[in-house]
S.K.: 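Take this structure, written in structure tokens, and hold onto it; I'll ask about it next.
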Protein chains: 2
Amino acid sequence: MGIRERRQREVAGREQRFLGAARDLIRQDGLLNLQMSKVAEKCDYAVGTLYQHFVSKEDLLVALATDEAQERVDMFQRVHDWRASTRERMIGFAVADMLYARRNPGHFRLFQFALTEVVWGAAPASRRQACLDANAPLRQLTLALIDEAVRKGDLDLRGLRPDEVCLAPWAMAFGMHSIMHTEGLLEHHEVREPYHLMLRHLSELLNGLGWKPLADPMNHAAFDALAERICKEVLHEYVC
Amino acid sequence: MGIRERRQREVAGREQRFLGAARDLIRQDGLLNLQMSKVAEKCDYAVGTLYQHFVSKEDLLVALATDEAQERVDMFQRVHDWRASTRERMIGFAVADMLYARRNPGHFRLFQFALTEVVWGAAPASRRQACLDANAPLRQLTLALIDEAVRKGDLDLRGLRPDEVCLAPWAMAFGMHSIMHTEGLLEHHEVREPYHLMLRHLSELLNGLGWKPLADPMNHAAFDALAERICKEVLHEYVC
DNA sequence: ATCAAATTTTGAATCTGATTCAATATGCGC
DNA sequence: GCGCATATTGAATCAGATTCAAAATTTGAT
């Protein structure tokens with residue numbers, strides 16, 4: 001009875017080992033120098049076996065991005081379940097990303113690459129779908145928070161759909177991550193503490209959306225305090 | 001005397017032809033299928049000649065992104081010089097991008113790819129610098145507008161540096177472009193008219209930044225009117 | 001325990017497409 | 001027209017992803 005299942009578990013375990021090896025190699029040599037044969041070698045398997053799991057290098061890359069999404073989702077879930085105002089939790093999502101980026105500095109670079117026409121288009125549709133599914137909770141949790149905010153009177157949609165509101169912070173966060181993780185883009189800009197800035201700009205965006213309680217953008221200390229509080233109360237396990 | 005110069009002009013002209021051919025091939029077959037030999041062939045040159053201009057495929061891609069930046073800069077310049085409030089001109093930048101994306105739908109995809117570790121890191125440093133330089137005016141014009149807004153009392157920096165304010169709309173626009181141009185990302189989101197939404201969210205962000213005169217987010221018609229006006233008065237040559 | 005069928009693993013061979021560079025051609029001043 | 005310098009060529013090379021026939025292993029029946 002369990003034979004088929006055992007095998008399945010073994011295979012799943014091997015897949016994780018391949019992904020782990022790929023992650024290590026990327027950390028060590030950069031995305032640029034990732035080679036399929038090295039990944040197989042690092043796990044003491046033949047390339048052919050690696051190709052049993054991933055039909056192409058692109059498939060592997062998208063799978064890796066998918067795999068890494070889980071932890072990010074967990075962090076978002078924690079924040080969502082936190083007993084705090086909807087607005088604080090919205091900021092909490094950004095703090096989660098901040099911590100996540102610190103623990104896994106390569107993720108956003110990889111993700112950006114995976115979403116590129118060249119990689120995304122060459123990965124099998126099923127893998128793309130799995131990647132979208134793995135990331136879907138981020139949207140779901142944000143939408144749930146938006147709904148809750150509307151119900152509680154913290155937010156007025158002003159004719160927008162929840163998804164349309166959701167797009168605003170999403171775009172800002174996505175853009176910030178992309179810009180920050182691209183070598184040389186911010187170098188000549190006079191920007192201190194990009195992540196702190198991200199929280200502030202997100203806060204200004206929420207003010208602009210009329211998401212109550214509105215924050216005083218001058219109150220620098222309040223941001224630090226909030227971020228600190230989120231790290232301590234909600235995401236302590238993820239602080240590094 | 002002019003011999004050396006003529007040759008230089010010929011070479012520069014050829015470079016443009018190569019870039020044009022690459023652009024055409026990408027439009028036709030997708031970024032995914034771009035081949036150096038095809039680019040050379042399309043211009044009736046040997047591959048070796050192509051490599052005289054671009055030391056690698058990555059070099060060519062970054063050069064292409066660089067080349068395309070010029071038109072975008074021109075549009076921003078037009079908007080910057082427009083006789084209108086600082087806030088209207090800020091929105092104008094986004095409208096320019098909107099039109100630009102319509103005329104050159106591949107640009108943001110290419111740009112996103114070029115900024116990727118894999119391409120960016122493999123391109124020669126000089127080419128990367130050229131690309132940054134070509135895009136620098138976008139930042140300069142935005143900073144100039146921010147300065148002007150501060151001088152006129154439309155905007156209070158509230159302790160931020162101009163570059164730090166600049167980052168907010170930049171990140172949002174960058175994020176929006178990236179999300180919109182990635183196949184399958186927005187498909188299941190209930191988003192109508194992504195570009196219209198972008199103007200609205202940018203406007204909300206500017207409200208949050210306290211950039212006067214504040215706009216009423218409910219006034220749907222005012223946005224359309226402003227966008228329309230910018231197209232007509234400032235960017236008519238670029239409307240397609 | 002033994003065997004043959006079925007499944008899995010292997011890695012050398014193949015294939016694709018970027019990149020090189022020795023040979024060839026062209027342009028230049030004399 | 002000659003010899004040098006420079007530019008062009010494209011077949012050869014190279015890197016690395018991908019394949020697939022052979023070898024190994026597992027399974028289930030006897």
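Numbers restart at 1 for each chain; the letters A, B, ... are given by sequence-line order, proteins then strands. Worth saying up front: this structure is predicted, and the values here are computed from it rather than measured. Every heavy atom of this structure was used, including side-chain atoms; hydrogens, water molecules and symmetry mates were not.
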S.K.: Looking only at heavy atoms, what is the nearest atom pair of B/Thr49 and B/Tyr45, with distance?
M.R.: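 The answer is CG2-CD2, 3.8 Å.
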S.K.: Rounded to the Å, how far apart are B/Tyr51 OH and D/dT8 C1'?
M.R.: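 To the nearest whole Å, that distance equals 16 Å.
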S.K.: Could you tell me the separation between the CD atom of B/Glu58 and the P atom of C/dA18, rounded to a whole number of Å?
M.R.: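 Distance, rounded to whole Å: 10 Å.
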S.K.: Atom CZ of B/Arg14 to atom P of C/dT26: distance rounded to whole Å?
M.R.: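 Checked: the CZ to P distance equals 14 Å.
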S.K.: In this structure, how many angstroms lie between the P atom of C/dT14 and the CE atom of A/Met36, rounded?
M.R.: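 Distance, rounded to whole Å: 21 Å.
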S.K.: Give one of base, sugar-phosphate or nothing for A/Leu50, where a contact means two heavy atoms less than 4.0 Å apart.
M.R.: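 Nothing, no heavy atom under 4.0 Å.
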S.K.: Is the distance from OP1 or OP2 of C/dT10 to the nearest side-chain N or O of A/Thr49 less than 4.0 Å?
M.R.: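 Yes, such a contact exists.
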S.K.: Among the candidates D/dT18, D/dG16, C/dT19, find the nucleotide nearest to the side-chain atoms of A/Lys57.
M.R.: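 The nucleotide sitting nearest to the side chain is D/dT18.
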S.K.: Looking only at the side chains, is there a donor atom on one of A/Asp24 and A/Gln28 sitting less than 3.5 Å from an acceptor on the other?
M.R.: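 Absent: no donor and acceptor within the cut-off.
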S.K.: Looking only at side chains, do A/His177 and A/Tyr195 share a donor and an acceptor under 3.5 Å apart?
M.R.: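 Indeed, the side chains of A/His177 and A/Tyr195 share at least one donor-acceptor pair under 3.5 Å.
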S.K.: Would you classify B/Leu60 as touching base, sugar-phosphate or nothing, given that sugar-phosphate means primed atoms plus P, OP1 and OP2, and contacts are heavy atoms under 4.0 Å?
M.R.: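 Nothing: the residue B/Leu60, judged by heavy atoms under 4.0 Å, touches no strand.
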S.K.: Minimum heavy-atom separation for A/Met172 to B/Leu205, with atom names?
M.R.: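 Looks like CE-CD1, 3.8 Å.
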